[in-house]
Every structure is written in C-alpha cells, then in structure tokens.
Participant: 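After the structure tokens below, expect a handful of questions from me.
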Amino acid sequence: MAGTVVTRVSAASHPTSSSSARRGTLLASIATALLLSACATPPAPSSRTTAPVQPTPAEQAVPITPRMQAARAALDTMVTQQDRLYRVAAPLLINNVDLCRTAARGLLGFTAKNKWSYPGEYADAAAAVLGYDDALRVSGVLAGSGAARAGLRKGDTLVAADGKALPTGPGAETAAAGVFAPLVSGRTQLSMTIGRDGQTQVLKVPVTRACAMRVDLGNADNVNSYADGGRIAVTRGMINFAGGDEAIAYVLAKDIAHNVLGHAAVARNTAAVAAIIDNVTRVQPDQAQLGGSGNVKPLAANLEVAADTLALYMLARAGYGVERYKAFWQKLAAQYPASVPNGYMAVHPNLAPRLAAIDKTVADIKAKQAAKKPLVP
C-alpha cells in the first residue's frame, strides 16, 4: 500500500503524543510513498519467501530467554494477522478509487521493514524469525498493485529507487518514505533496484491509483476498529470476532467509508482516535489507555447511515457479498452492546436507524448488478 500501503512508521515506534500538524505531515508523506503500514508487517510463516537466518556459532551460544521466545511467538502471530488484513483490504482499496474522492493517491503497493522496525526483544525476534537485518525488506505486497504486477516479492531487499540508494538501519522506514514520496508524485512508474537470491535486479514498478489509507493491526483484545481520517486500525479482538474474511471486509469497508466522508473531523474525533491508533498499533500498547472510550464521541445516526451506504457499494465493487452485512452488525451489537466502553458499539451506537437504510442499499445494489448498471451510490 505504498501509498496505502505506506512506509509505515512501525507500530513499535509510533509516538504516543505529537502535534496534529506534525502527524498530518508525516502521514501525508508516508501515504504517498509505499503501501507500508502495519501492512508493513512481515510475511506469515506459511507464506514466507525468505528462510530464517541460521545463527552463527557465536550466536548459538547466546541463550534464548523465555522473554525472547515469547516475543518471537508474538511476532509470528502479529505478522499472520497483519498479512490477512492487507489481503482483505486490497480489493477495497484498489477497486474503489472513484469512490474515494480526494483520498485516492498513486501508490507502489508494497510495505517494507527491517529489524529496527521493532523495539527491544522484538528486534531479536525479527532477525531470528524473519531474517531481518539493517536493510529494508519487502514485508507485504498489495494484491493487484503495481508492485505485484512488476513481480516484487516478500523478502526482496530494497536497494535503490530511481538510482537513489535507500536508507538502512534505525529509522529506515520513515527515511524511505521521504525518498519515495517525491518520486511517486506525478509518475506512472518507478525504477526499483532490489536484492534477491544474492543478486540485484531492476524492476519497473507501475504506480497504482488506490484509496490511500494505511491499514494496521491493533494489538489489543477489545472488539473494535478505529478510523482517524487517513488510517485504520482493526484490533485482534475484532478479527477474532469477525472470523471470516468477508466479515473483516465489512469492518474495513465501514472504516474506509468513514475516512472518505471525513467523519472523524465532523465529529471532532480526529485527535482522540489518532491517539488511540498511535497506541494500539504499537507492538506493546499501553493497556491503561484501552479501558475506556478514549474521549471519542459517539457518531450521529446520519453519519453511520452514510458510511454504511458507501461501504456496501465499496464491498460490492471489491467482489465481496453484501447479503450478510446487516446480520454481522446485529450480531456484534447483541454480543458487545454500547454499554461496553471500549467496544465498537460504544462509538457506533445507532444501529436501529441503520438497518432500514442497509436493506434499501443492498436492494439498490442488487438491482444495479442485475441491470449491469455502474455501482455508484
């Protein structure tokens, strides 16, 4: 999500507080550059393209503590969940450019990380489990993006962009965003030098128009998701509740719609939601900040109805079914009602007004599909 999938400032290094202006500038440059986000998380065990680094004799002598082992297991799980979010989000972001209004940007469609993307024992985990070192490696490729069409793969080392050497070491993700942003702007493709199997090669990566939103895993067990206007964070609690990919797509589409329609700003929730996303996307969030609503104001019914309408069209255009959308939100409201302070319905309590509007929108979409008419609200 290089523009969507952005060069993600790693979950481990998100600041807990910063001015909204500074955050906006950073996110804008990042969003235009890569696909990186927690989208930037490395590949899951079943799909890794690089084998774990084999320790040298000296490294073998270093004892693996229980804490280090726990970090490695936790990183494995986070990688798997982040990859799943990227995969589910890809068609929503790429197939809805004309519905994203001013949120559409040119993206390269990949994410990259190095071992310094993670703090403390997680840096060791990234090296031991994923083979990461100082260099940025591709950690995710957005399906259908220019990066995917050009043949970029997970595990590829990023060497240069248009002949300009890419940064390595601590802070490389953020620095890379500054390199990519001006190169991607106004271009149709970018020349990427990558390392693979001990050799370098140059790929011509087309720039892809997509909804430029960062999609991150929220490392928390509450059943919620957050949208601050440019970013989306879905908690592992919500992923576990949703179960299937289609239900996860329902959550993502609703948040994409809220971002497109600027609802965080309308409700004056931008700063509060941004602070929650900054925290929850850390590898180790501050749990004390996750017990309540975080000063996020409940959204008005008309905003919810508008988001549902746009989300349903986005889902249909992305190839997801819309018939079970209503039932999903009813199930969520029944199991986690608005009285749960850190749950989804606490901020989105107006289910009743949404139901009739959902039925009407689903019927409209079905009629347009049958008549082969454009799927636009």
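In this text, all values refer to a predicted model and were calculated from it rather than measured experimentally. The chain is numbered in sequence order, starting from 1.
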Participant: How would you list all residue pairs meeting disulfide bond (SG atoms under 2.5 Å apart) that involve residues 289-377, not counting sequence neighbours?
Facilitator: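 Residue pairs with at least one partner in residues 289-377: there are none.
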
Participant: Report yes or no: is the cationic atom of Lys331 (NZ for Lys, CZ for Arg) under 6.0 Å from the centre of the six-membered ring of Phe241, at an angle within 45° of the ring normal?
Facilitator: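 Positive - Lys331 is close enough to the ring of Phe241 and near enough to its axis.
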
Participant: Side chains of Asn95 and Arg317 only: does a donor on one sit below 3.5 Å from an acceptor on the other?
Facilitator: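 There is no such pair between these side chains.
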
Participant: So, do Phe180 and Leu166 sit near enough that their side-chain heavy atoms are less than 4.5 Å apart?
Facilitator: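 They are in side-chain contact.
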
Participant: Hey, are the side chains of His258 and Glu304 touching, using non-hydrogen atoms and a 4.5 Å cut-off?
Facilitator: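 His258 reaches Glu304 side chain to side chain.
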
Participant: List the steps and the verdict of side-chain contact (heavy atoms from CB on, under 4.5 Å) for Met78 and Tyr122.
Facilitator: CA-CA 11 Å; Met78 285 187 281; Tyr122 289 92; 3.8 Å; yes

Participant: Scan for disulfide bond (SG atoms under 2.5 Å apart) pairs involving residues 83-185, sequence neighbours excluded, and state none if there are none.
Facilitator: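 Listed once each, the pairs are Cys100-Cys211.
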
Participant: With sequence neighbours excluded, what pairs up with Asn222 under the side chain to side chain donor-acceptor pair (under 3.5 Å) test?
Facilitator: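 Side chain to side chain donor-acceptor pair (under 3.5 Å) check on Asn222 returns Tyr226.
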
Participant: Within the side chain of Asn114, is there an N or O that forms a donor-acceptor pair under 3.5 Å with the backbone of Trp116?
Facilitator: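 At least one qualifying donor-acceptor pair exists.
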
Participant: Please list all pairs passing the disulfide bond (SG atoms under 2.5 Å apart) test where one or both residues lie in residues 307-344, with sequence neighbours left out.
Facilitator: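 Residue pairs with at least one partner in residues 307-344: there are none.
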
Participant: Decide yes or no for Leu108 and Leu190: does some side-chain heavy atom of the first lie under 4.5 Å from some side-chain heavy atom of the second?
Facilitator: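 Yes, at least one pair of side-chain atoms sits under 4.5 Å.
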
Participant: Report the residues that fulfil side chain to side chain donor-acceptor pair (under 3.5 Å) with Arg209, sequence neighbours left out, ordered by chain and then residue number.
Facilitator: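 Applying side chain to side chain donor-acceptor pair (under 3.5 Å) to Arg209 gives none.
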
Participant: So does Arg72 pair up with Asp76, basic N to acidic O under 4.0 Å?
Facilitator: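 Judged by the 4.0 Å cut-off on N to carboxylate O distance, Arg72 and Asp76 do not form a salt bridge.
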
Participant: So do Tyr313 and Val322 actually touch side chain to side chain, heavy atoms under 4.5 Å?
Facilitator: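 The answer is no, as the side chains (C-beta and beyond) never meet within the 4.5 Å cut-off.
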
Participant: Are any of the side-chain nitrogens in Asp156 or Arg153 under 4.0 Å away from the carboxylate oxygens of its partner?
Facilitator: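 Salt bridge: no.
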
Participant: Do Lys254 and Tyr325 have side-chain heavy atoms sitting under 4.5 Å apart?
Facilitator: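 They are in side-chain contact.
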
Participant: Indicate yes or no: at least one non-hydrogen side-chain atom of Val202 is less than 4.5 angstrom from one of Thr193.
Facilitator: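 The answer is yes, as the side chains (C-beta and beyond) meet within the 4.5 Å cut-off.
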
Participant: Scan residues 236-248 for pairs that pass side chain to side chain donor-acceptor pair (under 3.5 Å), counting only residues two or more places apart or in two chains.
Facilitator: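 Listed by first then second residue: Arg84-Asp245, Arg87-Asp245, Asp221-Arg236, Glu246-Tyr250, Glu246-Arg324.
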
Participant: Tell me, do Leu217 and Val234 make a side-chain contact under 4.5 Å, heavy atoms counted?
Facilitator: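 Sidechains of Val234 and Leu217: no contact.
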
Participant: Would you check, one step at a time, whether the test side-chain contact (heavy atoms from CB on, under 4.5 Å) holds for Asp216 with Ile232?
Facilitator: CA-CA 6 Å; Asp216 287 337; Ile232 295 166; over 6 Å; no

Participant: Evaluate the ring planes of His348 and Tyr344, with Trp represented by its six-membered ring, and classify them as parallel (under 30°), tilted (30 to 60°) or perpendicular (over 60°).
Facilitator: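 Parallel.
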
Participant: So is Lys113 actually on top of Tyr118's ring, under 6.0 Å and inside 45° of the axis?
Facilitator: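 Yes, cation above the ring, under 6.0 Å and within 45°.
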
